[in-house]
K.L.:
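My structure is below; once you've seen it, I'll send some questions.
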Amino acid sequence: MKINILAFGIAKDILDGQTKEIELSHGNDVKSLKQTLCDTFPEFSKLRSLSIAVNEEYRNDDYELKESDEVVIIPPVSGG
Amino acid sequence: MKINILAFGIAKDILDGQTKEIELSHGNDVKSLKQTLCDTFPEFSKLRSLSIAVNEEYRNDDYELKESDEVVIIPPVSGG
Amino acid sequence: MINIELKDEPLSVEECNDLAVSPTAGGTVVFVGTVRDQTKGKKVTHLEFEAYKPMAISEMRKIAEQAAEKWQAAHVVIHHRVGKLDITDIAVIIAVATPHRKAAFEACEYCIDTLKETVPIWKKEFFEDGAVWVAAHP
Amino acid sequence: MINIELKDEPLSVEECNDLAVSPTAGGTVVFVGTVRDQTKGKKVTHLEFEAYKPMAISEMRKIAEQAAEKWQAAHVVIHHRVGKLDITDIAVIIAVATPHRKAAFEACEYCIDTLKETVPIWKKEFFEDGAVWVAAHP
């Protein structure tokens with residue numbers, strides 16, 4: 001399955017752009033997306049944390065993605 | 001010894017005025033002043049606390065008063 | 001820097017914050033004490049604050065100096081109002097800026113807790129049927 | 001009442017305090033986060049905040065709702081800035097009003113601590129010789 005992802009902060013720098021189409025190669029859940037990201041862009045493995053938000057909520061590794069979802073890469077936050 | 005005292009808050013109400021001349025009958029320290037006040041105006045005994053400031057500092061019971069001191073009755077404070 | 005004021009005009013949160021903010025501090029914690037509309041369920045109409053002014057200022061300065069030393073505060077600002085206050089009027093503002101925010105919370109809470117114990121300022125609460133000096137009796 | 005804003009204009013401490021103050025609350029605690037002039041001894045020239053806006057607002061609202069419930073807060077106000085900020089500019093203001101002041105300190109500290117953990121906002125610090133996304137790496 002192909003999904004479109006949105007990236008912020010350092011994730012945008014790693015992907016060299018705010019949006020990216022990702023081909024999920026391991027499965028369709030959040031864990032597979034993270035694995036694909038780390039395989040394709042090794043810089044993601046070096047971050048302090050890597051979270052995925054789907055439709056504006058943080059999701060666990062076993063959350064199943066759909067093509068219509070708004071999927072966002074959330075690198076370590078630093079507001080405040 | 002006679003001293004002039006200054007009163008604030010409820011102490012002013014108890015003395016029915018902001019200033020008062022007090023004749024110390026037990027001795028010249030802070031403890032004696034408190035005792036004289038409570039003897040003369042029993043309402044002072046009913047307060048949650050009674051402190052004495054001399055020359056703008058809180059003083060202990062054994063502090064010796066002089067006629068030239070600025071002596072102030074400090075009933076329970078309630079600022080803030 | 002320590003800034004202490006006791007005044008019979010409205011206090012400004014913006015002014016206290018601006019006095020406290022520092023380029024070396026990442027966080028400022030501001031406590032704003034306001035007049036509540038009731039005490040133990042009884043409706044308050046207004047308040048009056050009376051102060052033994054020179055000593056109130058020196059005691060507030062002591063508190064600010066203690067907080068500045070203990071929590072390495074860059075700035076401690078304490079402004080207290082006197083005179084007649086209506087509901088929601090500001091009675092006191094304490095602003096503390098420290099390099100790290102946890103210290104600012106602790107120092108600000110220390111200042112207001114200690115102010116309420118040691119600073120010679122007295123609050124008279126007015127109700128529809130009378131008035132009392134707050135906390136005078138056990 | 002809960003009031004959340006994310007904006008690219010200067011934040012106002014006075015506005016946040018006025019939104020928070022309540023006739024039923026005796027104390028408002030305001031946290032004001034400002035831009036420090038250095039990080040680990042290295043001089044900062046300015047900052048940029050980027051946010052995933054809809055989710056940043058919904059996560060700030062969750063925090064405010066949790067605080068309001070846990071500490072019976074009358075009002076919780078959270079305003080966060082985005083865009084370019086200079087030294088001493090205000091990045092975030094959190095104002096919490098509660099009937100008793102201890103709860104306001106606790107609730108306000110909870111809000112800023114949690115905001116820094118969960119709200120999707122990212123800070124880029126600029127130095128004279130480059131820039132880094134804060135806290136991105138271990």
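The chains referred to below are lettered A, B, ... by the order of the sequence lines, with proteins before strands, and numbering in each begins at 1. Basis for what follows: all heavy atoms, side chains included, without hydrogens, waters or symmetry-related copies.
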K.L.:
Between C:Lys124 and chain B, which part of the residue has a heavy atom less than 4.5 Å away: side chain, backbone, both or neither?
P.N.:
side chain
K.L.:
For chain B, which of C:Pro54, C:Ala91, C:Ala56, C:Ser58 has the most heavy-atom pairs under 4.5 Å?
P.N.:
C:Pro54
K.L.:
Can you establish whether the number of heavy atoms outside C:Lys84 located under 6.0 Å from its atom NZ is more than 12?
P.N.:
yes
K.L.:
What part of C:Ala51 is in contact with chain B, defined as an atom under 4.5 angstrom from a non-hydrogen atom: side chain, backbone, both or neither?
P.N.:
backbone
K.L.:
At under 4.5 Å between heavy atoms, what parts of residues 62-80 of chain B are in contact with chain C? List them by residue number.
P.N.:
B:Glu70, B:Val72, B:Ile74, B:Pro75, B:Pro76, B:Val77, B:Ser78, B:Gly79, B:Gly80
K.L.:
Could you work out, with side chain to side chain contact (heavy atoms under 4.5 Å, CB included) as the rule, every residue matching C:Gln38, not counting sequence neighbours?
P.N.:
C:Arg36
K.L.:
Looking at B:Lys31, I'd like to know if its NZ atom is crowded, meaning that more than 12 non-hydrogen atoms belonging to other residues, nucleotides or ligands lie closer than 6.0 Å.
P.N.:
no
K.L.:
Among residues 127-138 of chain C, which residues come closer than 4.5 Å to chain B, judged by heavy atom distances?
P.N.:
C:Trp133, C:Val134, C:Ala135, C:Ala136, C:His137, C:Pro138
K.L.:
Name the member of C:Thr118, C:Val92, C:Ile112 that forms the most heavy-atom pairs with chain B at distances under 4.5 Å.
P.N.:
C:Thr118
K.L.:
Just checking C:Lys102: does its NZ atom have more than 12 heavy atoms from other residues, nucleotides or ligands closer to it than 6.0 angstrom?
P.N.:
no
K.L.:
For C:Glu117, is it the side chain, the backbone, both, or neither that has a heavy atom closer than 4.5 Å to a heavy atom of chain B?
P.N.:
backbone
K.L.:
To the nearest 0.5 Å, tell me how far B:Glu56 CD sits from C:Glu59 CD.
P.N.:
10.0 Å
K.L.:
At a heavy-atom separation under 4.5 Å, does C:Tyr52 approach chain B through its side chain, its backbone, both, or neither?
P.N.:
both
K.L.:
Which residues from residues 37-49 of chain B are near chain C, with near meaning under 4.5 Å between non-hydrogen atoms?
P.N.:
B:Lys46, B:Leu47, B:Arg48
K.L.:
Give a yes or no on whether C:Lys43 atom NZ has more than 12 heavy-atom contacts from other residues, nucleotides or ligands under 6.0 Å away.
P.N.:
no
